[in-house]
Amino acid sequence: MFEEYSGYRQAVRLSLWFAVWLSLGLLFQQVLLLLLIGALILLGYHYRHLSRLAHWLWKDRRLTPPHGSGSWEPIFNGIYRLQGKNRRRRSQLARLLSRFREGAEALPDAAVVLGPEGEIAWCNKLAELHLGIHWPKDSGQRIDNLIRLPKFSKYLHSKCYDDPIEITSSASSSWLLEVRIMAYGDNQKLLLARDVTRLRQLEQMRRDFVANVSHELKTPLTVLQGYLEMMAMMPNIDGKQVQAMSDQTERMKSLVEQLLTLSKIEVGTQVDPSMRVGMSGLLLQLKEEASALSDGRHNITFEVDEELDIGGDELQIRSACANLIQNAIHYSPQGSSIRVRWFKYGDVARFEVDDSGDGIALEHIPRLTERFYRVDRARSRQTGGSGLGLAIVKHALSHHNSELEIHSKLGEGSTFGFSIPANLIASSKRERA
Ligand code: ADP
């Protein structure tokens with residue numbers, strides 16, 4: 001058992017030491033001299049132990065400290081204990097670090113630990129392969145010096161890492177990587193990069209397939225429709241059957257059209273904000289189309305801010321607004337009211353379609369923008385719906401930094417709307433004049 005340091009014991013020892021020298025001083029009637037001798041001996045004793053300690057700390061390779069006496073024994077033992085504790089902590093940390101590294105090596109993603117300035121602190125094997133990092137040679141190098149892409153630099157310094165970005169690999173331009181950064185601890189960052197080349201290829205194949213099939217179906221459908229129109233005029237043919245065939249061909253044609261629109265919108269990227277979309281003219285056209293579709297069955301009102309134009313893709317915005325208006329007409333009973341509004345709301349521009357129609361149960365709402373998702377298939381078929389309308393709306397809006405918002409209550413009606421952000425709002429016609 002180690003002797004622990006005690007201030008009290010130290011004070012007793014010191015008092016006893018000087019008491020002895022004081023007694024000797026009194027005995028030989030040389031108090032001051034003998035007290036001085038006592039103090040010098042004490043100083044020599046402490047100096048000797050200090051130099052032994054310094055020798056052990058700096059020169060001696062032994063783990064155990066020199067044997068100390070008196071008040072120095074607990075000090076030597078204390079240092080020895082502290083060293084042991086540090087050694088144990090160090091080996092614990094080393095074990096933890098090697099476990100972390102083993103875990104990071106087992107990740108299916110490239111992982112890089114970055115310092116405050118984006119300097120590489122550590123990376124796994126996949127990071128060497130996918131990001132072209134040479135470890136440990138590139139340790140301390142700034143990652144944006146190795147991945148020299150403006151998109152990546154902007155993302156790294158943006159400090160907003162909510163969404164991942166896609167970049168081409170610096171190791172091979174045919175690899176597409178999805179890069180995500182996570183900030184943690186004291187200004188540290190973890191960069192994860194996943195190879196999404198195959199995934200994107202498959203998505204592209206699916207899109208091409210749908211677009212090609214839809215395109216190929218257009219011609220036979222037009223031929224069919226032509227023959228059906230001719231048949232309808234023949235005297236000895238049942239008009240009802242031809243009409244049914246004609247209706248179904250028309251449905252297939254509109255489905256193919258919707259599929260083609262969706263494929264086109266899907267491949268599009270972020271729109272060019274400098275392309276002005278004249279909303280008042282566009283909504284006037286949609287108003288005429290809406291009254292033709294409703295054919296007097298609904299009370300449709302349009303409230304349009306004529307000065308409010310936006311930048312973007314006119315066809316996509318038209319598609320989004322038209323689908324929402326058509327749905328309101330299709331899913332609202334005769335005699336009900338539909339209100340279409342286009343207005344400035346704070347910083348943003350808002351489009352809203354209110355109807356007092358069927359409404360939608362809460363559980364269906366999150367799935368409405370999935371392709372071919374329909375709440376009531378039979379009802380949707382009756383209205384000529386393809387189940388693609390809201391998927392088109394979702395994609396068109398995402399290219400304008402916007403999202404579809406749906407509020408609905410079963411039996412009471414629905415509000416479908418979206419907001420166009422301030423950066424896409426064009427200066428008003430009055431301002432430009
Ligand atoms: P569809 O072509 O079938 O209308 P959409 O993608 O446009 O497909 O809409 C998906 C489903 O959402 C519809 O089948 C319908 O059930 C529901 N829906 C869309 N708009 C409305 C609305 N205004 N009121 C009630 N239900 C709606």
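Each ligand, and each atom within it, is numbered from 1 in the order the structure gives.
Short contacts between ligand 1 and Val375, defined as distances under 4.0 Å to a heavy atom of the residue, involve ligand atoms 14 (O), 16 (O). Near Gly389, meaning under 4.0 Å from any of its heavy atoms, are these atoms of ligand 1: 5 (P), 6 (O), 7 (O). For ligand 1, the atoms closer than 4.0 angstrom to any heavy atom of Arg374 are 3 (O), 14 (O). Residue Ser414 has at least one heavy-atom neighbour below 4.0 Å for each of these atoms of ligand 1: 24 (N).
Ligand 1 lies within reach of Ile360, whose nearest heavy atom is under 4.0 Å from it.
You'll find the ring centres of Phe351 and Phe416 outside the 6.0 Å limit.
Between the side chains of Thr301 and Arg339, not a single donor N or O lies within less than 3.5 Å of an accepting N or O.
Which of Thr415, Asp355, Leu368 comes nearest to atom 17 (C) of ligand 1 through a heavy atom is settled by distance: it is Leu368. Distances from atom 1 (P) of ligand 1 to the heavy atoms of Gly413, Gly387, Ala328, Ser356 put Gly387 nearest.
Salt bridge annotation for Glu352-Arg341: present, with a cationic side-chain nitrogen under 4.0 angstrom from a carboxylate oxygen. A salt bridge does not link Asp238 to Lys240: none of the charged side-chain nitrogens sits closer than 4.0 Å to a carboxylate oxygen.
Checking only distances, Ala391 never comes within under 3.5 Å of ligand 1, N or O to N or O. For ligand 1, the polar-atom distance check finds no N/O of Tyr373 at less than 3.5 Å from any of the ligand's N/O atoms. Considering backbone and side-chain N/O of Gly359, none are found under 3.5 Å from N/O of ligand 1. The N/O atoms of Asn327, backbone and side chain alike, include one that comes under 3.5 Å of an N/O atom in ligand 1.
Each of Lys151, Arg200, Arg180 was compared with Glu166 under the salt bridge (charged side-chain N to carboxylate O under 4.0 Å, His left out) criterion, and only Arg200 meets it.
The shortest side-chain heavy-atom distance between Ile133 and Leu146 falls under the 4.5 Å cut-off. Looking at heavy atoms from C-beta onward, Lys394 lies out of side-chain contact with Leu404 at the 4.5 angstrom threshold.
Between Trp72 and Phe76, the ring planes are tilted. Angles from 30° to 60° get that label.
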